[in-house]
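One-based numbering along the sequence shown. Heavy atoms only: backbone and side chains are in, while hydrogens, waters and symmetry mates are out. Because the structure is a prediction, the values reported are computed rather than measured.
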Amino acid sequence: QVQLVESGGGLVQAGGSLRLSCAGSGHTFTNYAMAWFRQAPGKEREFVAAIFWSADNTYYADSVKGRFTISRDDGKNTAYLQMNSLKPEDTAVYYCAADRGPAIPTRSHSYAYWGQGTQVTVSS
C-alpha cells in the first residue's frame, strides 16, 4: 500500500524558512512525479511545485518562484520542499502528492497518491 507522510511544518515568522519532507513507502518512487499542493482555510487546493523523475524537470507556481525549491532523494524515497522568505499568505496545509505520470502536473486531479498534510503558519 502506497503511503506518503509529510513532516516539517510549523509556525515561523515572516521572512523565515521551513523545509518540508515527504517520505514515501509501499513502493519505489523513482519513476513517480512528486508534487506539493497547499490549501488555506476557505480556499481551494492549489499547486505549489512538482518534480519529475529527472530532477532537472521541475515546475513552480508563480507565487513561490524564487522562494521555494523542490527536490528529491530517490535513495530515501523522499521529496523535499525548501521554503524561504516565507510570507503570511503562504499559511496553509501543505500536501505531498505522487503519480507515475500526471497528465497535467499542476492539477491535483492528476495525482493518485496523497499524504495527510502538514500545517505551515507564517506570522506577520
Hey, is the main chain of [Y] close enough, under 3.5 Å, to the side chain of [X] for a donor-acceptor pair?
{"X": "Q13", "Y": "S123", "value": "no"}
{"X": "T58", "Y": "I51", "value": "no"}
{"X": "R107", "Y": "F47", "value": "no"}
{"X": "S110", "Y": "I104", "value": "yes"}

Check whether any side-chain heavy atom of [X] sits under 4.5 Å from a side-chain heavy atom of [Y], and report yes or no.
{"X": "T69", "Y": "Y60", "value": "yes"}
{"X": "M83", "Y": "L20", "value": "yes"}
{"X": "S17", "Y": "Q82", "value": "yes"}
{"X": "D74", "Y": "W53", "value": "no"}
{"X": "F68", "Y": "L86", "value": "yes"}

| said: Taking Y80 as the starting point, is it possible to reach L4 by hopping between hydrophobic residues whose side chains are less than 4.5 Å apart? | reply: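 No: no chain of side-chain contacts under 4.5 Å links L4 to Y80.
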
| query | How are the rings of Y95 and W114 set relative to one another: parallel (under 30°), tilted (30 to 60°) or perpendicular (over 60°)? | reply |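 Perpendicular.
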
Rounded to the nearest 0.5 Å, how far apart are [atom1] of [X] and [atom2] of [Y]?
{"X": "N77", "Y": "M34", "atom1": "CG", "atom2": "CE", "answer": "7.5 Å"}
{"X": "E46", "Y": "W36", "atom1": "CD", "atom2": "CH2", "answer": "14.5 Å"}
{"X": "L81", "Y": "T118", "atom1": "CG", "atom2": "OG1", "answer": "11.0 Å"}
{"X": "Q119", "Y": "L11", "atom1": "CD", "atom2": "CG", "answer": "9.5 Å"}
{"X": "N31", "Y": "D99", "atom1": "CG", "atom2": "CG", "answer": "12.0 Å"}

| F29 versus G24, closest heavy-atom pair with distance |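 So the minimum-distance heavy-atom pair works out to CE1-CA, 3.5 Å.
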
| message | Can you give me the closest heavy-atom contact between D90 and V122, atom names plus distance? | response | CB-CG2, 4.3 Å

| request: Show your working on side chain to side chain contact (heavy atoms under 4.5 Å, CB included) between E6 and Y94 and close with a plain yes or no. | output: CA-CA 8 Å; E6 303 96 334; Y94 283 70; over 6 Å; no

| query | OH of Y113: more than 12 outside heavy atoms within 6.0 angstrom? | reply |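 No, because the 6.0 Å sphere around OH of Y113 holds 12 heavy atoms or fewer from other groups.
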
| task | Please indicate whether E89 has more than 12 foreign heavy atoms, meaning atoms of other residues, nucleotides or ligands, lying under 6.0 Å from its CD. | result | yes

| How about F37 and Y111: are their ring centroids closer than 6.0 Å? | yes

| request: Decide if the gap between the ring center of Y32 and the ring center of H27 is smaller than 6.0 angstrom. | output: yes

| field | salt bridge (charged side-chain N to carboxylate O under 4.0 Å, His left out) between D62 and K65, intermediate numbers included | value | CA-CA 5 Å; D62 287 343; K65 278 182 183 176; 3.3 Å; yes

| Worked verdict on S63 versus R38 for side chain to side chain contact (heavy atoms under 4.5 Å, CB included) | CA-CA 12 Å; S63 59; R38 66 187 182 186; 3.5 Å; yes

